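This structure is in structure tokens; I'll ask about it shortly.
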Amino acid sequence: MNWTLPVGLAIGTFIGIYITSQAVFQSLIGSFAALLIGLIISLILYKRKRV
């Protein structure tokens with residue numbers, strides 16, 4: 001499984017939301033959502049590569 005995709009999405013989302021809104025809580029929620037989406041995408045790509 002590729003861990004760089006979900007971690008990169010989470011960090012990038014946190015930075016992007018924090019710069020625009022200056023709200024830490026919104027940034028944490030956004031980065032958590034991006035981490036989950038990145039994990040799902042990474043798992044889909046991993047399963048396609050195995051087949």
Side-chain angles (χ1 to χ4, degrees):
M1 191 168 118
N2 185 6
W3 285 101
T4 55
L5 175 68
V7 172
L9 278 175
I11 292 171
T13 303
F14 179 83
I15 292 170
I17 293 174
Y18 185 74
I19 287 174
T20 58
S21 67
Q22 297 290 315
V24 176
F25 187 69
Q26 284 180 340
S27 301
L28 288 174
I29 291 174
S31 64
F32 182 70
L35 181 69
L36 289 178
I37 292 170
L39 284 172
I40 292 169
I41 292 171
S42 184
L43 284 172
I44 291 170
L45 293 175
Y46 176 73
K47 286 187 177 189
R48 280 189 182 175
K49 190 183 285 187
R50 286 182 63 198
V51 172

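Only a predicted model underlies this, so the values are computations on that prediction, with no experimental measurement involved.
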Only distances under 3.5 Å count here; give the side-chain donor-acceptor pairs of residues 23-32 to other protein atoms, sequence neighbours excluded, each with its distance to 0.1 Å.
residue : atom : partner : partner atom : Å
S27     : OG   : Y18     : N            : 3.2
S27     : OG   : A23     : O            : 2.7
S31     : OG   : S27     : O            : 3.1
S31     : OG   : L28     : O            : 3.0

Subject >> Min side-chain heavy-atom separation I44-R48 under 4.5 Å >> reply: yes
**OP:** Mind jotting down which residue pairs meet the side-chain hydrogen bond (donor to acceptor under 3.5 Å, both in side chains) criterion with at least one end in residues 3-16? Sequence neighbours excluded, please.
**Re:** N2-T4
**OP:** List in chain and number order the residues that pass side chain to side chain contact (heavy atoms under 4.5 Å, CB included) with A33, two or more places apart in sequence or in another chain; answer none if no residue qualifies.
**Re:** none
Subject >> Test item: S21 side-chain N/O and I17 main-chain N/O as donor-acceptor pair under 3.5 Å >> reply: yes
Original post:
Can you name the residues that form a side chain to side chain contact (heavy atoms under 4.5 Å, CB included) with V7, not counting sequence neighbours?
Top reply: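 So V7 forms a side chain to side chain contact (heavy atoms under 4.5 Å, CB included) with I11.
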Original post:
Residues two or more places apart in sequence or in another chain: which of them pass side chain to side chain contact (heavy atoms under 4.5 Å, CB included) with L9?
Top reply: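 Scan of L9 (side chain to side chain contact (heavy atoms under 4.5 Å, CB included), adjacent residues dropped) gives L5, A34.
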Subject >> Counterpart residues, side chain to side chain contact (heavy atoms under 4.5 Å, CB included), relative to I19 (two or more places apart) >> reply: I15
